[in-house]
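All chains are named by letter (A, B, ...) in the order of the sequence lines, taking the proteins before the strands, and each is independently numbered beginning at 1. Just the heavy atoms: all of them, side chains too, but no hydrogens, waters or symmetry mates, feed the values below. Note that the coordinates shown come from a computational prediction; the quantities given were computed from them, not determined experimentally.
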2 protein chains.
Amino acid sequence: MKLTSKGRYAVMALVDLAKFNSINPVSLRDISLRQGISLDYLEQIFSKLRKKEIVQSVRGIQGGYVLNKKAKEIKLTNIFDAVDEKVKTVQCKKESKKGCNGRSSKCLTHDLWDELENHINNFFEKKSLEDLIKDNFERRI
Amino acid sequence: MKLTSKGRYAVMALVDLAKFNSINPVSLRDISLRQGISLDYLEQIFSKLRKKEIVQSVRGIQGGYVLNKKAKEIKLTNIFDAVDEKVKTVQCKKESKKGCNGRSSKCLTHDLWDELENHINNFFEKKSLEDLIKDNFERRI
DNA sequence: TATAAACCTGACTAATTTAGTCAAGTATAT
DNA sequence: ATATACTTGACTAAATTAGTCAGGTTTATA
Ligand code: FES
Ligand code: FES
């Protein structure tokens, strides 16, 4: 089970954005340089974040992105959802009555994986961008 | 983040094994048929489980595998560890002082991913094979 | 003692996914 | 005007996964 770079970068970039989110929009170029993430890749990521209304874009010179909500209201769940970083523990379609391996019913471990998926998603639902900035700030005192 | 088939199958197969683990060893052929997992793939998986002393093999006709410990003492952690299904949330080497993207220090979100990794591993450390069989039994009453 | 069931091992491969790159735009402050 | 910065879509190399395949070796039992 591993976290992909897309998800990791999305959160990294938003923490960066939130930290520098004073009055001016933050350009992807700056985030790219500060966090060492490819600019082209960031563009893909922010395009998705914008579509899900997590950030707002400001075009032209001095442009960039700003948060579209309060940091407190942006949960990891929202971020991951926006960039399609989903937690997937089962192979079977969840809605379907069929099990994995094309079986006619759910397998012996299906409930376990469901439980695991919830356990992980809980973590994401609890953590907000604000929490992350705070942690980050406190660590630096 | 997704769970791979190898990990899912390893647990599935062991639950099956534990359920039929009366006196006789259980053959991979039987597990393969009951759970719909490729026999060749199961062989790879059980080879690893045996090396980590989670199961014991009995060769020859009427052979198969038996649990090498009590179901209570086999945790998901042990199973996943045996088949190299590891939880990996960070990109950087954990021991190293360097961060991801080859940076000189840990990134803004490193602590978060560490926390996530622990959160997931906790789940695996708590669940034993016995728990799984029990759940499975109770559901069928 | 021949045979078949079952474990054992290593190499190979197709398909998928990831982690980007690249190219060609459009909008806007100065 | 022009440079900065967002916007979009297509493309690709590398890595990983989920197996398959081809050979073994061991041992109960007829
Ligand atoms: S994981 Fe859902 S049926 Fe196996
Ligand atoms: S995840 Fe460890 S430094 Fe970024």
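Under the rule for a side-chain contact (heavy atoms from CB on, under 4.5 Å), B:R59 has no partner lying at least two apart in sequence or in another chain.
Among residues at least two apart or in separate chains, ring pair (Phe, Tyr, Trp, His ring centres under 6.0 Å) pairs with a member in residues 63-91 of chain B are B:F46-B:Y65, B:F80-B:F124.
In this structure, B:C107 and A:M12 have side chains that are in contact, with non-hydrogen atoms separated by less than 4.5 Å. Taking the side chain as every heavy atom from C-beta outward, A:M1 and B:E85 approach each other to under 4.5 Å. Residues B:V90 and B:H110 form a side-chain contact, since some pair of their non-hydrogen atoms from C-beta on lies under 4.5 Å apart.
When the side-chain nitrogen and oxygen atoms of A:R50 are compared with OP1 and OP2 of D:dC6, none of them lie within a distance under 4.0 Å. Applying the 4.0 Å criterion to OP1 and OP2 of D:dT17, one finds that B:T4 has every side-chain N and O outside that range.
Comparing A:S5 and B:V58 by the nucleotide of DNA chain C that holds the closest heavy atom to each, the one mapping nearer the 5' end is B:V58. Along DNA chain D, the nucleotide nearest to A:M1 and the one nearest to A:G63 differ in position, and the one closer to the 5' end is contacted by A:G63.
Residues from residues 28-43 of chain A that place a heavy atom under 4.0 Å from any atom of DNA chain D, listed by number: A:L28, A:R29, A:E43. Sorted by residue number, the members of residues 6-18 of chain B with any non-hydrogen atom under 4.0 Å from DNA chain D read B:K6, B:Y9.
Running 5' to 3' along DNA chain C, contacts with non-hydrogen atoms of chain A at under 4.0 Å begin and end at C:dT18 to C:dA29.
Nearest heavy-atom pair, A:L33 versus B:R103, reported as atom, atom and distance to 0.1 Å: O-NH2, 2.7 Å. The two residues B:N101 and A:G36 have their closest heavy-atom pair at ND2-O, 3.0 Å.
At distances below 3.5 Å, at least one donor-acceptor pair connects side-chain atoms of B:N68 with backbone N or O atoms of B:E53. A donor-acceptor pair under 3.5 Å is absent between the side-chain atoms of A:N78 and the main chain of A:I74, judged by distance alone. The backbone N or O of A:C100 lies less than 3.5 Å from no partner atom in the side chain of A:Q91, so there is not a single donor-acceptor pair. Formation of a donor-acceptor pair under 3.5 Å by the A:K106 side chain with backbone atoms of A:K98 is found in this model.
Atom CD in B:Q91 sits roughly 12 Å away from atom C1' in D:dA15 (whole-Å rounding). The distance from atom CD of B:Q44 to atom P of D:dA22 is 15 Å, rounded to the nearest whole Å.
When heavy atoms are screened at a 4.0 angstrom cut-off, B:F46 is found touching no nucleic acid atom at all.
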Protein-nucleotides 26-28 of chain D N/O pairs closer than 3.5 Å?
unit_1 : atom_1 : unit_2 : atom_2 : d
D:dT26 : O4'    : B:R59  : NE     : 3.4
D:dT26 : O4'    : B:R59  : NH2    : 3.4

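Between B:D81 and B:K86 no salt bridge is recorded (no basic side-chain N to carboxylate O distance below 4.0 Å). Ion pairing between A:K127 and B:E115 holds under the 4.0 Å rule for side-chain N and carboxylate O.
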